[in-house]
Amino acid sequence: EVKLVESGGGSVQAGGSLRLSCVASGYTFSMFAMGWFRQVPGKDREGVAIIDTDGSTMYVDSAKGRFTISKDNAKNTLYLQMNNLQPEDTAIYYCVSGPTAEGLSVAAALLVAGYWGQGTQVTVSS
């Protein structure tokens, strides 16, 4: 059984930093692409940062230059370092893992067929 457990969320003031972690189990960690998605009540889930099996990364425009996604295969752990947080970053952040699919972007494949953690709340106050 694939299991993803996030931690590291919390409340910070604008300009602050947080590091999210996601410990994965139940599969061979290096075989799946992984990512961080976020959701605000009433809005669709948004892919924030993706890391593919070859280590290549992708970010939503609003996260470029502020967020860094990384993973430690030895620890089966995915990270998201978030700097210069802004109130618009307030959301529930989800760790997602899954196989890629022919004809779909990595983000789309994770969104429709990935395994999801329970989420961790990030709140940024102005």
Taking all non-hydrogen atoms of both residues, which atom of Tyr115 and which atom of Leu4 are closest, and how far apart?
O-CD1, 3.0 Å
Looking only at non-hydrogen atoms, find the nearest pair between Gln86 and Gly15 and report the distance.
NE2-N, 4.0 Å
Heavy atoms of other groups near Asn73 CG, more than 12 under 6.0 Å
yes
List the residues meeting ring pair (Phe, Tyr, Trp, His ring centres under 6.0 Å) with Phe37, not counting sequence neighbours, and say none if there are none.
Trp116
Going by heavy atoms in the side chains, are Ser30 and Thr28 under 4.5 Å from each other?
yes
When you check the side-chain N and O atoms of Arg45 and Gln39, is any donor under 3.5 Å from an acceptor?
yes
Between the side chains of Asp72 and Thr77, does any donor sit under 3.5 Å from an acceptor?
no
Test of understanding: clusters of I, L, V, M, F, W, Y form through side-chain heavy atoms closer than 4.5 Å, transitively. Do Val122 and Phe67 belong to the same one?
yes
What one should report as the nearest heavy-atom pair of Pro87 and Ser125 is CG-C, 4.4 Å
Listed partners of Lys64 passing salt bridge (Lys or Arg N to Asp or Glu O under 4.0 Å), at least two apart
Asp61
Among Val48, Ile50, Ile51, which residue satisfies the side chain to side chain contact (heavy atoms under 4.5 Å, CB included) criterion with Met58?
Ile50
Working note: Asp89 + Arg66, criterion side-chain contact (heavy atoms from CB on, under 4.5 Å); need CA distance, chi angles, decisive distance, verdict.
CA-CA 11 Å; Asp89 295 315; Arg66 300 188 300 128; 2.8 Å; yes
Looking at CG of Leu78 and OG of Ser70, how far apart are the two atoms once the value is rounded to the nearest 0.5 Å?
7.0 Å
Looking only at heavy atoms, what is the nearest atom pair of Asn84 and Ser17, with distance?
N-OG, 4.2 Å
With no hydrogens and no angle check, is any side-chain donor or acceptor of Glu6 less than 3.5 Å from a backbone partner on Gln118?
yes
Would Met82 and Val23 show up in the same hydrophobic cluster when neighbours are defined by side-chain heavy atoms closer than 4.5 Å?
no
Minimal heavy-atom distance between Asp52 and Ala33, with the atoms involved, is OD1-CB, 3.8 Å
How close do Val60 and Glu46 get, heavy atom to heavy atom, and via which atoms?
CG2-OE2, 3.7 Å
Rounding to 0.5 Å, atoms CD (Gln13) and CG (Leu85) come to a distance of 12.0 Å
How far does NZ of Lys3 sit from OH of Tyr27, to the nearest 0.5 angstrom?
13.5 Å
Rounded to the nearest 0.5 Å, what separation is found between the CD atom of Gln121 and the CZ atom of Arg38?
12.0 Å
Return yes if a side-chain donor-acceptor contact under 3.5 Å exists between Thr120 and Tyr94, otherwise no.
no
